[in-house]
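Below you'll find the structure, written out as structure tokens, and then a few comments.
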Amino acid sequence: MNVSKPQTIDDAVLFLTEHPDAKIVAGGTDLLPRINQKLEEHAELCYIDDLPEMCEVRAEQDGSIFVGASIRLAEVAEIKILTKYTGFLQAASKVASPQIRNQATIGGNILQENRCMYFNNQVPWSDVNHCFKWGGKQCFQYKNSKECVALFQSDVAPVLISFGAKAVIRGSEGIREMPVKDLYMQAGLKNLAHNDILLGVKLPPLFKTEYSAYVRKTIRGSFDFPLVSCAVRVCVDANIIKDSRVVFGAAGVMPAELHMSNEVFIGRKIEDLPLLADELQPAVSKIIAPFQDTRINAAVRKDMAKEIFIKAIAQICQGN
Amino acid sequence: MDKQMAEVKIKINGREYRDRIPSDMMLIDYLRKYRLLTGTKKACGAGECGSCTVLLNGKPIYSCITLAIQASGKTVETIEGLSDGDELHPIQEAYLDAGAVQCGYCTPGFIMSTKALLNKVSHPDEKCIKEALAGNICRCTGYHQIIDAVKLASEKMDQEADINER
């Protein structure tokens with residue numbers, strides 16, 4: 001394996017255009033373990049960690065905040081202009097372990113590969129009976145599935161989606177923006193060309209009064225992937241809910257949004273939030289994919305989603 | 001395809017080294033094979049156990065999932081950088097005194113995580129210690145002794161600072 005280190009973002013895009021097999025690496029905490037475990041093989045890596053465009057955090061003229069893709073998860077807590085994006089801070093502080101957070105980047109977290117026990121835990125028969133992730137034509141998770149259904153595990157992405165954040169992407173035709181939500185496609189694929197580089201994310205300005213929370217369920221207190229996670233954001237004016245967004249992580253192949261939340265929440269008083277959340281519980285259960293792994297089964301995952309949704313709402317009410 | 005080589009310039013335990021290494025070499029392999037600093041241990045290779053923890057620019061990271069070129073131009077501290085000749089660092093002494101070392105394979109990683117914590121917070125409470133050591137796994141001690149060792153190390157470093165002030 002060869003690792004090349006382009007010196008500028010232009011060089012990096014050019015390098016990726018000329019080397020269609022090269023894989024991007026920055027923090028490396030998602031990709032390098034898979035390479036070490038021989039789950040993946042790459043002839044070429046393109047190392048783009050310390051390009052200046054991707055290392056900055058700045059307030060834009062329209063009030064939004066640009067956070068570079070190379071910002072480390074551990075650094076998020078130290079950035080003053082982000083202190084009111086509570087959910088974002090909570091999510092970044094919960095990822096894996098201190099060592100991983102010192103090394104892993106925001107960009108890498110939201111673009112991390114989906115995980116499945118039949119791939120990442122390397123079951124004994126995976127060498128002969130290949131699943132989709134191994135380049136085969138079957139899925140051990142859902143027997144009749146026509147594509148990979150590995151679980152989306154990012155902690156940061158659900159929160160960014162709840163804030164309506166945009167991904168800033170540098171491609172061969174210049175810089176473009178798209179909602180973070182649109183990065184994700186079926187079968188764990190990302191809506192990016194091979195030579196697209198995620199420069200960072202843009203968080204929109206905060207509403208005058210708004211509350212956000214991120215709650216996740218894990219087997220261990222730390223150093224674990226979420227079994228299921230929930231990001232909630234509620235905008236309030238004069239005690240009346242004006243806007244809301246509820247997004248679940250580890251709910252399927254991509255983050256799942258509870259679109260019904262606005263129908264139920266908007267125009268109601270913030271004090272009524274816990275009662276209104278109870279009404280939404282059956283809807284929460286429906287959007288969680290029945291995914292089973294070595295940790296929990298499908299039914300428990302749905303129950304846990306309801307539980308953490310209620311917990312996140314409780315946090316929002318406490319913040320109020 | 002020929003193996004691509006890369007130049008690295010890394011300051012390890014206060015001394016600067018320049019080397020020409022394979023571009024895909026992991027930091028742990030560079031430390032162990034090129035610099036013969038075998039105190040840092042390699043175990044899972046997947047960033048799951050913490051035995052390969054070293055400090056990169058003062059912050060703990062897993063050297064088994066870090067490319068050596070990622071450390072180029074930065075400073076690295078390993079377990080070898082702690083003791084002064086035959087004299088152990090207060091953290092190392094505390095680990096021995098508290099019985100926090102059994103097979104010892106995870107110890108260099110734990111000690112480096114402890115060093116990073118005590119550099120930042122001189123008197124951490126138990127919650128803080130547990131959070132700082134969450135990325136290291138020990139299958140022998142059961143962690144209680146390790147937490148005791150961190151508390152003891154914090155006291156020992158205080159005493160040392162007092163002596164130095166006098």
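- Chosen from B:Ile137, B:Asn57, B:Ile69, the residue pairing most often with chain A at heavy-atom distances under 4.5 Å is B:Ile69.
- Across A:Arg216, A:Lys217, A:Lys94, a single residue satisfies salt bridge (charged side-chain N to carboxylate O under 4.0 Å, His left out) together with A:Asp155, and that is A:Arg216.
- The most heavy-atom pairs under 4.5 Å with chain A, out of B:Lys130, B:Glu131, B:Glu48, come from B:Glu48.
- Residues A:Gln99 and B:Asn136 bring a donor and an acceptor atom of their side chains to less than 3.5 Å of each other.
- Neither the backbone nor the side chain of B:Met5 comes within contact range of chain A, judged by heavy atoms closer than 4.5 Å.
- With a threshold of 4.5 angstrom between heavy atoms, B:Leu56 approaches chain A through side-chain atoms but not through N, CA, C or O.
- Taking the six-membered ring where the residue is Trp, B:Tyr62 and A:Phe223 present parallel rings, their angle staying beneath 30° rather than reaching 60°.
- Considering B:Ile12, B:Thr40, B:Ile10 in turn, B:Ile12 is the only one that fulfils the side-chain contact (heavy atoms from CB on, under 4.5 Å) rule with B:Arg35.
- A:Ala26 touches chain B through its backbone: at least one of N, CA, C or O sits under 4.5 Å from a heavy atom, while the side chain does not.
- For chain B, the nearby parts of A:Thr29 are the backbone and the side chain; heavy atoms of each come within less than 4.5 Å.
- Residue B:Ala116: no heavy atom, backbone or side chain, is found under 4.5 Å from chain A.
- Looking only at heavy-atom pairs under 4.5 Å with chain B, the residue among A:Ser97, A:Gly221, A:Gly28, A:Ala74 that has the most is A:Ser97.
- Contacts between A:Arg220 and chain B at a heavy-atom distance below 4.5 Å involve the side chain alone, from C-beta outward.
- Comment: B:Lys151 does not engage B:Glu155 in a salt bridge, judged by the lack of any side-chain N to carboxylate O separation of less than 4.0 angstrom.
- Of the N and O atoms on the side chains of A:Tyr85 and A:Ser212, not one donor lies less than 3.5 Å from an acceptor on the other residue.
- A donor atom on one side chain and an acceptor atom on the other are not found under 3.5 Å apart for A:Tyr47 and B:Ser23.
- B:Lys156 has a carboxylate O that lies under 4.0 Å from a charged side-chain N of B:Asp97, or vice versa, which qualifies the two as a salt bridge.
- For B:Ala6, no part lies near chain A; criterion is any non-hydrogen pair under 4.5 Å.
- Chain A forms the most heavy-atom pairs under 4.5 Å with one residue out of B:Ser113, B:Gly47, B:Ala134, and that residue is B:Ala134.
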